[in-house]
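Here is the structure we will look at.
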Amino acid sequence: MTTFSNPEGVAAPIGQYSHVARIDLGDVALLFISGQVALGPDGMLVGTGDAATQAARIFENLKTIMEANGGALADIVKLTTFVTNMDDRASLSEVRRRYFGDAAPASTLVEITRLASDDMLVEIEAVGVVPNA
């Protein structure tokens with residue numbers, strides 16, 4: 001009933017975890033997406049020093065993950081965003097608006113001291129609900 005995956009087009013996890021835990025529940029599947037950072041498909045950090053550029057890369061990763069599971073960004077129902085500087089909130093909101101439009105998934109924003117690398121400024125995890133094929 002639960003499957004774990006690392007979709008093509010997203011950098012391999014940097015630890016012992018999967019990008020996605022998918023739970024199939026009849027007509028729909030729940031997707032629990034691990035925290036995504038601004039790694040491009042090649043595993044290199046994108047947007048050093050720029051939280052907005054990092055957020056855009058993260059949303060591209062989330063889009064790739066959702067599409068690999070038969071969904072879209074519009075199927076995300078919950079986002080949790082971790083930032084190392086709350087002053088980046090406004091620029092992150094602009095990037096989010098570009099990707100989600102008027103959609104308003106449930107959300108949490110938390111300022112933390114640091115992420116896995118000192119150059120990482122943003123990490124976003126998500127929960128999605130997609131139709132089951």
Side-chain angles (χ1 to χ4, degrees):
M1 191 168 192
T2 302
T3 56
F4 301 96
S5 66
N6 297 306
E8 194 171 316
V10 179
I14 57 177
Q16 187 178 352
Y17 64 91
S18 298
H19 283 304
V20 184
R22 180 186 177 114
I23 302 172
D24 293 309
L25 302 170
D27 292 344
V28 298
L30 295 177
L31 304 177
F32 294 92
I33 303 171
S34 294
Q36 297 296 303
V37 293
L39 298 180
D42 61 359
M44 300 301 294
L45 183 67
V46 174
T48 300
D50 184 345
T53 299
Q54 289 190 15
R57 176 70 255 167
I58 292 166
F59 287 128
E60 288 296 326
N61 290 347
L62 289 171
K63 180 179 173 187
T64 298
I65 291 168
M66 292 300 292
E67 289 173 353
N69 282 277
L73 286 176
D75 297 313
I76 290 177
V77 297
K78 172 71 167 93
L79 291 169
T80 303
T81 303
F82 302 94
V83 297
T84 58
N85 185 346
M86 193 60 78
D87 292 341
D88 291 327
R89 182 178 180 183
S91 64
L92 296 175
S93 291
E94 289 177 27
V95 174
R96 178 179 159 150
R97 198 168 296 111
R98 279 198 327 253
Y99 282 89
F100 284 88
D102 292 332
S107 298
T108 302
L109 176 65
V110 180
E111 182 180 47
I112 60 173
T113 305
R114 60 193 278 203
L115 291 164
S117 162
D118 289 338
D119 291 330
M120 294 176 182
L121 306 174
V122 182
E123 182 170 340
I124 303 173
E125 65 181 22
V127 177
V129 180
V130 296
N132 234 342

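As the structure is a computational prediction, the values presented were derived from the model and not from experiment.
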TODO: Please say which of His19, Glu123, Glu60, Glu125 ends up in a side-chain hydrogen bond (donor to acceptor under 3.5 Å, both in side chains) with Gln36.
DONE: His19
Open item on the list: Tell me if the CG atom of Asp27 is crowded by more than 12 foreign heavy atoms within 6.0 Å.
Closed with: no
Task: Check: Asn85 side chain, Asp87 main-chain N or O, donor-acceptor pair, under 3.5 Å - done: yes
Open item on the list: Checking the side chain of Ser107 only, and the main-chain atoms of Pro105 only, is there a donor and an acceptor separated by less than 3.5 Å?
Closed with: yes
Open item on the list: Taking Ile76 as the starting point, is it possible to reach Phe32 by hopping between hydrophobic residues whose side chains are less than 4.5 Å apart?
Closed with: no
Task: Hydrophobic cluster identity match, Val110 and Leu92, side-chain contacts under 4.5 Å - done: no
Open item on the list: Return the CD1 to OG1 distance between Ile124 and Thr108, rounded to the nearest 0.5 Å.
Closed with: 12.0 Å
- [ ] Test side-chain contact (heavy atoms from CB on, under 4.5 Å) on Phe82 and Leu109 and set out the steps.
- [x] CA-CA 6 Å; Phe82 302 94; Leu109 176 65; over 6 Å; no
Task: Leu115-Val10 co-clustered via ILVMFWY side chain contacts under 4.5 Å - done: no
Task: Where Asp50 and Ala52 come nearest, the two heavy atoms and their spacing - done: OD1-N, 3.1 Å
Task: Shortest non-hydrogen separation from Asp88 to Ala51 and the atoms involved - done: OD2-CB, 3.4 Å
TODO: I would like to know whether Val46 and Leu39 meet side-chain contact (heavy atoms from CB on, under 4.5 Å); could you show each step before the answer?
DONE: CA-CA 6 Å; Val46 174; Leu39 298 180; over 6 Å; no
Open item on the list: Just by distance, no angles: are the side chains of Thr81 and Arg96 close enough, under 3.5 Å, to form a donor-acceptor pair?
Closed with: no
Open item on the list: Hydrogens and angles aside, do Asp24 and Asn132 bring a side-chain donor and acceptor to less than 3.5 Å of each other?
Closed with: yes
Task: Nearest atoms (heavy-atom pairs only) where Ile58 meets Val122 - done: CD1-O, 3.4 Å
Task: Minimum-distance pair of heavy atoms, taken over all atoms of Gly47 and Thr53 - done: CA-CG2, 3.7 Å
Task: Side-chain donor/acceptor of Glu111 to backbone N/O of Val83, under 3.5 Å - done: no
TODO: Please confirm whether the backbone N or O of Gly40 pairs with a side-chain atom of Arg57, one donor and one acceptor, at under 3.5 Å?
DONE: no
- [ ] Kindly check if the number of other-residue, nucleotide or ligand heavy atoms within 6.0 Å of NZ (Lys78) is above 12?
- [x] yes
Task: For the student: nearest non-hydrogen atoms of Leu62 and Ala126, plus distance - done: CD2-CB, 4.1 Å
- [ ] Assert yes or no for the condition that the ring centre distance of Tyr17 to Phe4 is strictly below 6.0 Å.
- [x] no
TODO: Check whether Val37 and Val95 end up in the same hydrophobic cluster, where Ile, Leu, Val, Met, Phe, Trp and Tyr are linked by side-chain heavy atoms less than 4.5 Å apart.
DONE: no
TODO: Calculate, to the nearest 0.5 Å, the distance between atoms CG and CG belonging to Leu73 and Leu79 respectively.
DONE: 9.0 Å
- [ ] Grab the two heavy atoms, one from Ala11 and one from Gly43, that are nearest each other, plus how far apart they are.
- [x] CB-CA, 3.7 Å
TODO: Look up atom CD1 in Ile33 and atom OG in Ser18, then write down how far apart they are to the nearest 0.5 Å.
DONE: 12.5 Å
Task: Backbone N/O of Asp119 and side chain of Ser117: donor-acceptor pair under 3.5 Å - done: yes
Task: Nearest-0.5 Å distance, CG of residue Leu31 to CE of residue Met66 - done: 5.0 Å
Open item on the list: Strictly distance-based, threshold 3.5 Å: is any side-chain N or O of Asn69 a donor or acceptor partner for the main-chain N or O of Val130?
Closed with: no
TODO: Determine, stepwise, if the pair Gln54 / Leu45 fulfils side-chain contact (heavy atoms from CB on, under 4.5 Å).
DONE: CA-CA 8 Å; Gln54 289 190 15; Leu45 183 67; 4.2 Å; yes
- [ ] Show the numbers, then the answer: is there a side-chain contact (heavy atoms from CB on, under 4.5 Å) between Asp75 and Val77?
- [x] CA-CA 6 Å; Asp75 297 313; Val77 297; over 6 Å; no
